[in-house]
Amino acid sequence: MAATTAAYFEGLIGAMPIRYAEAPGKGKALFATKAFAPGEPVFSEMPYVAMQHIANQALVQACENCHVIVGSIEQQLAHVLHVEVGAVPPLPNQIADKAVAQGKCACACGAVYCSKACRSAAWERYHCVLCTGHPDTPFHDFVQHAIDTNEIFLLAAQVLARIVVAYAKDQNLAAARRPVDMFCKLPWWEVVASPEDLEEGQTMEDYYDIFKHLLAQTFELFMDGLRFNTAHLALHEPHPDDESEFMASLVWDNVVADCMAAGVLSVEFFATVVGMFEMNNISMEVRHPLSYLAELYEDSDDAEVAAWLADVQTQVRAQVKLYTDDSDDEEGEADDADDADDEDVCYPDLDGTALFSLVCTMNHSCEPNVAVCYESNGLATVVALTPIQEHDELQIAYIETEQDVNARAHDLSEYKFVCQCPRCVRDRQ
Ligand SMILES: C[S@@+](CC[C@H](N)C(=O)[O-])C[C@H]1O[C@@H](n2cnc3c(N)ncnc32)[C@H](O)[C@@H]1O
């Protein structure tokens, strides 16, 4: 197993200036193979799976495959303001060429992409079995159920779909599930449930049962959708790209049965995939093009541009407030303290969650030497925060580090380890 893991990481790392090894007491880890100065990029990676948070979709329209924010500035503005494109404040001619514009196309189900290439890439990795384009597919019920209960189920579905499609293509299930096996450890309930959440008289087993019941329901809906969609795929429909060779290369016969027999399509596996996200996923943020544009013209002397920006900013800020008020309310008193900051929050970033094979292999330190930055195409770049020497372990911060040692330990408890970084050791003395 250790040799398979090392070979898997070697394959992923290729020529990047990092190496994989076990770190004592921490499990898998990444190390630098050369020195880096602060600010220097160390490596970059696209996510294994990623999704934009459902609530954020009302404000930002992004490519489902690469997470670039799609459309022209006017289309992006129309999306955030919830109006027709013709109703947005017309972009002054003098800044039109500086406004980043991406293409936009859609699948029959309504999923949006920046290009036909991205639409095909998503279709060929997982979307072909998850698509809700067919009006009768039970996946409609699965999606609604996930939205109503836990949107992470949508990401877990993406993982299972990726494994099923990869197996349908290559008939190699061990290779298809390996990226996930590298992370899967505990079922969802063992990751999220903690004794302090128990009600009086409730046992841990009773509490686990609540999660188990929800997950069994979720998995049943997922399987209904999967059986329906793969049956329709076997008949070669529906399909967004007629010219794609992809369908012809798929062998669907027995794929679902094989995956069930191997335990990949099982409620237990689904539970460890959801547990995996709780412990390993990382938030994904992509800056809005309107925000870049506003920064570019911040100190402009052009009165027309200044008036356009002021108008747009007022309207966008009102929408952002409207769509984020519900979640703010839940935070109660913290709300007031955040109000001053709200004044600066204007253009909504793309906000999502992702799993990266390399980025998510890095361990935590409360004195991290690297941080993750997102480019406008969803690519994550790991950047040095401090001077890094050859052989140093690359460590990110999983939590907000501007808190005292007890608060940090509390936030880290969900990752099931006690931090022994030099700062925690110092602070505990
Ligand atoms: C995102 S994974 C990182 C990869 C992990 N080492 C592995 O083997 O899969 C997070 C897990 O790594 C371990 N971990 C991360 N940082 C650690 C640290 N500073 N000390 C001990 N264990 C750590 C914990 O088990 C944690 O739940």
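Order of listing sets the numbers, starting from 1, for every ligand and every atom in it. Side chains included, hydrogens not; waters and symmetry mates left out as well; all remaining heavy atoms used. Sequence positions, counted from 1, serve as the residue numbers for this chain.
Counting only distance, with no hydrogens or angles, the side chain of Gln57 and the backbone of Gln52 share a donor-acceptor pair below 3.5 Å. Checking side-chain atoms of Arg408 against main-chain N and O of Gln403 turns up a donor-acceptor pair under 3.5 Å. No side-chain donor-acceptor contact under 3.5 Å links His127 to the backbone of Arg119. Here the side chain of Asn369 pairs a donor or acceptor atom with the backbone of Gln395 at under 3.5 angstrom. Side chain of Asn56 to main chain of Asp351: a donor-acceptor pair is present (N/O by atom type, distance under 3.5 Å, no hydrogens or angles).
Short contacts between ligand 1 and Lys28, defined as distances under 4.0 Å to a heavy atom of the residue, involve ligand atoms 4 (C), 5 (C), 6 (N), 7 (C), 8 (O), 9 (O). Set against the non-hydrogen atoms of Gly27, the atoms of ligand 1 under 4.0 Å away are 6 (N), 8 (O). With ligand atoms numbered from 1 in the order given, ligand 1 contributes 21 (C), 22 (N) to contacts under 4.0 Å with heavy atoms of Gly25. Those atoms of ligand 1 that come under 4.0 Å of a heavy atom in Cys360, given as number and element, are 1 (C), 2 (S), 3 (C), 4 (C).
Both tests do not hold together for Lys116 against Tyr113: distance to the six-membered ring centre under 6.0 Å, angle to the ring axis within 45°. Geometrically, Arg162 does not engage Tyr126 in a cation-pi contact, judged by NZ or CZ lying under 6.0 Å from the ring centre and within 45° of the ring axis.
To the nearest 0.5 angstrom, Phe219 atom CZ is 14.0 Å from Leu214 atom CG.
Looking from atom 4 (C) of ligand 1 to the surrounding protein, the closest heavy atom is Thr361 O, 3.5 Å. In terms of protein heavy-atom proximity, atom 20 (N) of ligand 1 is nearest to Phe417 CD1, 3.3 Å. Among all protein heavy atoms, the one lying closest to atom 9 (O) of ligand 1 is Lys185 NZ, 3.1 Å. Looking from atom 11 (C) of ligand 1 to the surrounding protein, the closest heavy atom is Tyr398 OH, 4.3 Å. Among protein heavy atoms, the minimum distance from atom 27 (O) of ligand 1 is reached at Tyr415 O, 2.6 Å. Protein heavy atom in closest approach to atom 2 (S) of ligand 1: Asn280 OD1, 3.0 Å.
Counting heavy atoms closer than 4.0 Å to ligand 1, residue Met362 contributes backbone atoms (N, CA, C, O) but none from C-beta onward. At a 4.0 Å heavy-atom cut-off, ligand 1 touches Asn363 through backbone and side chain alike.
Polar contact check, His364 against ligand 1: a nitrogen or oxygen pair lies under 3.5 Å apart. Below 3.5 Å of separation, one finds no N or O of Gln395 facing any N or O of ligand 1.
Remark: Glu199 CD is loosely packed, at most 12 non-hydrogen atoms of other residues, nucleotides or ligands lying under 6.0 Å away.
Shortest non-hydrogen contact noted between Val359 and Glu45 is N-OE1, 2.8 Å.
Of the candidates Lys26, Glu278, Met279, Met276, the one placing a heavy atom closest to atom 6 (N) of ligand 1 is Lys26.
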